[in-house]
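Inspection log for the structure reproduced underneath, given as structure tokens.
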Amino acid sequence: MCYNAEAQTKASIKYAKHKSFDANIIKQLQLKLDLISYTPYYQVSGFAHPRILVFTDREPLEPKLFHWGLIPSWIKDEEGAKKIINQTLNARGETIYEKPAFRTSAKSKRCLVYLDAFYEHHHLNGKTFPFRIAMKDDSPMAIAGLWEEWANPKGSGEIISTFTIVTTVGNSIMAKVHNNPKAEGPRMPVIIPKDKQDEWLDIKADKEVIQSLIKPFDGSLLEYHTVGKILGKAAIGNKPEVENKVKYQEIDWV
DNA sequence: CCAGACGTTGTT
DNA sequence: GTCTGG
DNA sequence: CCAGACGTTGTT
DNA sequence: GTCTGG
């Protein structure tokens, strides 16, 4: 769950405003985005390992560009990194304090990823239909993430910073939309409500507090609709119109 | 002890 | 049907 | 996770 | 780095 995202900078700018940063800081954030030539992602696959803006617990006022797909610090070489990075796009919230790949990050390397939306597929009669899920009020979704730094021991010493998206049990909306017959139970990304976002980024927060934040988001605050193809040869690509509603004959409930 | 893994995903 | 690549 | 391949042979 | 399996 949650392998396809919309990550325009507008979500991060809204975050900055929510945090009551003064105009100067917001301006600096925009300058910084220009400086690093941030590409707005209207729709991007995690498997492409795009660099997305994240706010870390270490520097919550200094957003960073990290690659999607967490590479644990103990990975020994490029081959190992390539292998694991496609398997750590998501982290099961239930086990982040146990899994070797995530536990150090769970304790002290948490982050928030402000997404405008995420995409999932509905399965029907052997076909798939992409859905876009976003907040009804168009506010950014603060997605719980973990981050890590990796330097190839056999490399130049360059540090590659990466992140993963924490998932939890899916709510009723996900149960309806994301019905892959092969999966083991509805999952969804952890969305942190506004009043809890500082807690997720609090380095001093203990395990119990963090775990209490890992739960399904209120489905009544989310909207969803079918969109054009986002994967494969027929994919629309990274264009603004991917978020537009597209009606499918077979789906009569949206 | 050494070698190898270390991860994710809707059963309506 | 099942595996690999992204 | 979904999309696409899944095979062989002497060349373009 | 740390744990599990053999």
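Quick caveat, the model's predicted, so the values are computed rather than measured. In the text below, chain A, chain B and the rest are named by the order of the sequence lines, each starting its count at 1.
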Touch class at under 4.0 angstrom, heavy-atom based, for A:Ala101 against every strand present: sugar-phosphate
Atom pair distance, as rounded to whole Å: NZ in A:Lys127 and C1' in D:dC1: 20 Å
N-O pairing of A:Arg110 and A:Asp57 below 4.0 Å: no
Among A:Phe47, A:Tyr119, A:Phe118, A:Trp68, ring-ring contact (aromatic ring centres under 6.0 Å, His included) partner for A:Tyr3: A:Phe47
Closest to side chain of A:Arg103, choosing from E:dT2, B:dC6, B:dT9: E:dT2
Candidate nucleotides C:dG6, D:dA3, B:dT8, ranked by approach to the side chain of A:Ala91 - the nearest: B:dT8
Sugar-phosphate only, base, or nothing, as touched by A:Leu89 at under 4.0 Å among non-hydrogen atoms: nothing
Nucleotide nearest A:Asn180 when distance is taken to its side chain, options D:dA3, D:dC1, E:dG1: D:dC1
Proximal nucleotide (of E:dC3, B:dA5, B:dT8) relative to the A:Lys76 side chain: B:dA5
Nearest-angstrom distance, C1' atom, B:dT8 to D:dC2: 13 Å
Selection from D:dC1, E:dC3, B:dC6 that lies nearest to any side-chain heavy atom of A:Phe47: D:dC1
Ion pair check, A:Lys64 and A:Glu59, cut-off under 4.0 Å: yes
Watson-Crick or G-U wobble mate for C:dG1, both contacts under 3.5 Å: D:dC6
Touch class at under 4.0 angstrom, heavy-atom based, for A:Gly232 against every strand present: sugar-phosphate
Interatomic distance at P, C:dT4 relative to B:dC6, whole Å: 16 Å
Residue pair A:Thr167 / A:Arg187, side-chain donor-acceptor N/O under 3.5 Å: yes
Listed nucleotide nearest any side-chain atom of A:Thr167, set B:dT8, D:dC2, E:dC3: B:dT8
Rounded distance in Å - CG (A:Asn4) to P (B:dT8): 18 Å
Side-chain donor or acceptor of A:Arg132 paired with backbone N/O of A:His225 under 3.5 Å: no
Separation of B:dT8 C1' from A:Lys83 NZ (nearest whole Å): 14 Å
Proximal nucleotide (of B:dT9, B:dC6, D:dA3) relative to the A:Tyr3 side chain: B:dT9
Sugar-phosphate only, base, or nothing, as touched by A:Lys176 at under 4.0 Å among non-hydrogen atoms: base
Spacing of A:Trp68 atom CH2 relative to C:dG6 atom P, expressed in whole Å: 18 Å
Whole angstrom value for the distance that separates C1' of D:dC2 from CZ of A:Phe131: 16 Å
Nearest to side-chain heavy atoms of A:Arg92, which nucleotide of B:dT9, D:dC2, B:dC6: B:dT9
Gap between atoms CD1 and C1', on A:Ile96 and B:dC6 respectively (whole Å): 16 Å
Interatomic distance where NE2 belongs to A:His121 and P belongs to D:dC2 [whole Å]: 7 Å
Touch class at under 4.0 angstrom, heavy-atom based, for A:His123 against every strand present: sugar-phosphate
Test item: side-chain donor near acceptor, A:His122 and A:Asn180, under 3.5 Å: no
Length of the CG-C1' vector between A:Asn90 and D:dC2, whole Å: 14 Å
Listed nucleotide nearest any side-chain atom of A:Arg187, set B:dT8, D:dC2, B:dT9: B:dT9
Sugar-phosphate only, base, or nothing, as touched by A:Ser45 at under 4.0 Å among non-hydrogen atoms: nothing
Distance-only donor-acceptor check, side chains A:Gln197 and A:Glu199, under 3.5 Å: no
Spacing of the P atoms in D:dG7 and C:dG5 (rounded, Å): 13 Å
Selection from D:dC2, B:dC6, C:dG6 that lies nearest to any side-chain heavy atom of A:Asn86: C:dG6
